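Report on one structure; see the data block that follows.
All figures in this text were calculated on a predicted structure; none of them were measured in a lab.
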2 protein chains.
Amino acid sequence: MAVSARRGTPLNIDEISAAALRLVDAGGVEGLSMRKLAAELAVNPMSLYHHVESKEALLELVCATAARRMSLPSDDGRPWQEQLRALALAYHRHARQHPALWIYVHGHPRMVADRRMSLWQVLERILRLAGVPEEELRRTSDVLYAFVSGIISSQLRGHLPDDPEETGRSLNIAVELIVRGLEGGAAGAGARG
Amino acid sequence: MAVSARRGTPLNIDEISAAALRLVDAGGVEGLSMRKLAAELAVNPMSLYHHVESKEALLELVCATAARRMSLPSDDGRPWQEQLRALALAYHRHARQHPALWIYVHGHPRMVADRRMSLWQVLERILRLAGVPEEELRRTSDVLYAFVSGIISSQLRGHLPDDPEETGRSLNIAVELIVRGLEGGAAGAGARG
DNA sequence: ACCTGAACACCGTTCAAGT
DNA sequence: ACCTGAACACCGTTCAAGT
């Protein structure tokens, strides 16, 4: 038998990734070690390396897993302003579910903030709805993401207060500024400077 | 003699902090270890613990050192909009000088982003100039900081492009939105939502 | 194919001992 | 007062060996 003495079933990557996410959520990224994870899975530490190339690769996997679980609002026909607010709130909810991982991602360049993530697709759809021209889509969504993630990051760090009421207020201020900027043609502002 | 066999002079905390900052700038926070730092200073690793309580305390010290070196624009009588842009650019320059440390700070709650830092004092002065009422000063500066740090963070991660021209554009978009928001009474927007 | 144990090169930190 | 060496409890990862 090739199966572990301590377990009935062989390891698989989903199980590994789910357990790792649990550890990160509970104890932060520095609370995740290959050895603790192996213990959690009742397996020899070295067995993990048969499914994952390194700890860094594992963390990429964990990020992808968490991203896939994020629930995003679909096009419900409401005006783009409201849809933009709904998206910001959904993203904020996701960040609060996995604060340690979220912060980790934002400190590590190549983590799965890639363009194919559904988050970006939803965002671009809403911006098209808002009338942002195709050639400005990229920069506008980047700036907008930077704004919202800045707010979220401040809140996760406890820099901005974290009670739901104040949170809503801050996100609203942010979205309101962005909305106003878009309505007034924010893209043009950059060219001025 | 109480002095190291390998060095003529005793260790002091400024020397430690400066060397640690050098290491972090060169190799990221994970490139700093007590042992490497000791080697850099030609000293036994354990000697460091006579000047610094732990690695975490050392990093706080390093952050404070870097913050003290940041050069901030003083009140030159220009309109608040221009002063705000100048402050954002100065902060961005600082972040680019110490990217690894900057990202580290923004992933660690209690790092010296405290209210007494001169950055915050300059920011509040400019916002007063902009006519932000005293009771809104705190939240407005928090949101504003969140915006600018979001932009900077995106750029450091290579998510937004990093050439000076594009950088200036993005920061300008951000500041422009904020300026417009302030002029239009952004604080009120929060209450609406 | 999948798992394992021993081993290597690193960590941060404690402690008792040196001058 | 300041420095040191040995030791402890952890890391991630390699490698040769087991079924």
Could you tell me whether a side-chain N or O of A:Ser47 sits under 3.5 Å from a main-chain N or O of A:Val43, the two making a donor and an acceptor?
no
Flag for A:Glu56-A:His108: side-chain donor and acceptor within less than 3.5 Å
no
Partner residues of A:Arg22 under the salt bridge (Lys or Arg N to Asp or Glu O under 4.0 Å) criterion, sequence neighbours left out
A:Glu40
Using a heavy-atom distance cut-off of less than 4.0 Å, which residues of residues 18-34 of chain A contact DNA chain D?
A:Leu32, A:Ser33, A:Met34
Report the C-alpha separation of A:Glu124 and A:Arg138 in whole Å, then their side-chain angles, then the decisive distance to 0.1 Å, and conclude whether the salt bridge (charged side-chain N to carboxylate O under 4.0 Å, His left out) test is met.
CA-CA 8 Å; A:Glu124 296 200 348; A:Arg138 174 70 191 260; over 6 Å; no
Within this structure, what is the OH-to-C1' distance between A:Tyr49 and D:dA17, rounded to whole angstrom?
19 Å
Under-4.0 Å side-chain N/O to phosphate OP1/OP2 contact, B:Ser47 with D:dC2:
no
Applying side chain to side chain contact (heavy atoms under 4.5 Å, CB included), name anything that partners A:Val122, two or more places apart in sequence or on another chain.
A:Leu72, A:Leu87, A:Arg125, A:Ile126
Spatial distance of atom CE (A:Met70) from atom CD (A:Gln97) [nearest 0.5 Å]:
10.0 Å
Distance check: side-chain N/O of B:His50 vs OP1/OP2 of D:dT4, anything under 4.0 Å?
no
What is the distance from NE2 of B:His51 to C1' of D:dA1, rounded to the nearest Å?
9 Å
To the nearest angstrom, the CG-C1' distance between B:Leu48 and D:dC2 comes to 12 Å
Contacts of A:His98 meeting ring-ring contact (aromatic ring centres under 6.0 Å, His included) (sequence neighbours excluded), chain-then-number -> A:His94
Please state whether the rings of A:Tyr145 and A:Tyr91 are parallel, tilted or perpendicular, taking 30° and 60° as the class boundaries.
tilted
Write down the distance between CG (A:Leu11) and C1' (C:dA1), rounded to a whole number of angstrom.
13 Å
Let me know the distance between CZ of A:Arg35 and P of C:dA7, rounded to the nearest Å.
13 Å
Tell me: CG of B:Leu41 to P of D:dC2, nearest whole Å?
16 Å
When rounded to whole Å, the CE to P distance for the pair B:Met46 and C:dC15 reads 13 Å
Which nucleotide in D:dT13, C:dC2, C:dG12 has an atom nearest any side-chain atom of B:Lys55
C:dG12
Distance, rounded to the nearest Å, where B:Asn44 contributes CG and C:dA17 contributes P
17 Å
Please list, chain by chain and in numerical order, all residues satisfying salt bridge (Lys or Arg N to Asp or Glu O under 4.0 Å) with A:Arg93, sequence neighbours excluded.
none
Residue met sooner reading DNA chain D from 5', once A:Glu53 and A:Lys36 are mapped to nucleotides
A:Lys36
Base-pair string, DNA chain C, Watson-Crick plus G-U, cut-off 3.5 Å on both distances, | for inter-strand, is ||.|||||...|||||.||
